[in-house]
Amino acid sequence: MSQNSTVFRQDGHPTQWEISDQLIEYPEALARMKAHVDQLARGEAEELVWLLEHPPLYTAGTSAKPEDLTDPDMLPVFDAGRGGQYTYHGPGQRVVYLMLDLKQRGRDVRAFVRAMEQLVIDTLADFNIEGKQVDGRVGVWVKRPEKGFNKEDKIAAIGVRVSRWTSFHGISINLNPDLNDYSGIVPCGISDQGVTSFEDLGQLVSMPELDSALKKNFERIFGPTVRV
């Protein structure tokens, strides 16, 4: 995917790029996102990509099924308001919230989701991890032949909401979270495949290294950034 992509900002204006070093509580993050996208939709704020980590928790998307919350008392559960089902967030997982103006990026939600998946795939490739898109399954997956025929593990989840052609929520990439925390849910409603991380795959990568690769690939696919 190149600068000719429908998601590359038409006017070339840079997107703000912010990294939070402390764990951010989910309600705080959700409130900030909602306020920012409201301002962005009114033309009163700049686009923002916000990189952070959450404390251990589960979020429920608009398609979440009650039976997929298999252990309701394991971790706090929050209604996310995004698309998708249940997912996990916690330390060691890089969350990337994309608050972007899709009026400037082709007004094509499917292309936007594909571009987010490509951002993850290209970032994984920088660390010799082969990620893939799977028809019928949102997110990025890694083949695990050692676990059995056709077995795949999800390494990154994608859940997005678009309101007035502004996006929020986004991507979560498993660097080195506690994968046991996934046991309280059926992640994204998929019970016959697993979850993995950089660490689980034997790749010892620091969060700043991951962030640097994300920024490089974001700029190639979505356009320039400016650090705030």
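Counting from 1, the numbers follow the sequence of the chain as shown. Computation of the quantities below employed the complete heavy-atom set of this structure, encompassing side-chain atoms and omitting hydrogens, waters and symmetry-equivalent molecules.
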Separation of [Y] [atom2] from [X] [atom1] (nearest 0.5 Å):
{"X": "K215", "Y": "T15", "atom1": "NZ", "atom2": "OG1", "value": "10.5 Å"}
{"X": "H36", "Y": "K34", "atom1": "NE2", "atom2": "NZ", "value": "15.5 Å"}
{"X": "L175", "Y": "E209", "atom1": "CG", "atom2": "CD", "value": "9.0 Å"}
{"X": "L40", "Y": "E46", "atom1": "CG", "atom2": "CD", "value": "8.5 Å"}
{"X": "L52", "Y": "R32", "atom1": "CG", "atom2": "CZ", "value": "9.0 Å"}
{"X": "Y182", "Y": "N180", "atom1": "OH", "atom2": "CG", "value": "11.5 Å"}

### Message
The test is ring-ring contact (aromatic ring centres under 6.0 Å, His included); show your working for F198 and F127 and say whether it passes.
### Response
CA-CA 9 Å; F198 278 63; F127 301 100; 5.7 Å; yes

Verify whether one side chain among [X] and [Y] offers a donor that lies under 3.5 Å from an acceptor in the other.
{"X": "S63", "Y": "Q85", "answer": "no"}
{"X": "R82", "Y": "T59", "answer": "yes"}
{"X": "N217", "Y": "T123", "answer": "yes"}
{"X": "T196", "Y": "R144", "answer": "yes"}

Check whether any side-chain heavy atom of [X] sits under 4.5 Å from a side-chain heavy atom of [Y], and report yes or no.
{"X": "P187", "Y": "Y86", "answer": "no"}
{"X": "D153", "Y": "I155", "answer": "no"}
{"X": "E18", "Y": "L51", "answer": "no"}

Identify whether the distance between the nearest side-chain nitrogen and carboxylate oxygen of [X] and [Y] falls below 4.0 Å.
{"X": "E117", "Y": "K132", "result": "no"}
{"X": "K65", "Y": "E67", "result": "no"}
{"X": "E152", "Y": "K147", "result": "no"}
{"X": "R110", "Y": "D108", "result": "no"}

Check whether any side-chain N or O of [X] sits under 3.5 Å from a backbone N or O of [Y] as a donor-acceptor pair, and report yes or no.
{"X": "T70", "Y": "S183", "answer": "yes"}
{"X": "H169", "Y": "R161", "answer": "no"}
{"X": "Q104", "Y": "H13", "answer": "no"}
{"X": "S197", "Y": "N176", "answer": "no"}
{"X": "E53", "Y": "G92", "answer": "yes"}
{"X": "Y58", "Y": "D181", "answer": "yes"}

Linking I/L/V/M/F/W/Y whenever any side-chain heavy atoms sit under 4.5 Å apart, do [X] and [Y] land together?
{"X": "I171", "Y": "V7", "value": "yes"}
{"X": "F168", "Y": "L102", "value": "no"}
{"X": "V37", "Y": "V95", "value": "yes"}

### Message
Can you tell me how the ring of H54 sits relative to the ring of Y97, calling it parallel under 30°, perpendicular over 60° and tilted otherwise?
### Response
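Because their plane-to-plane angle lies in the 30° to 60° range, the rings of H54 and Y97 count as tilted.
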
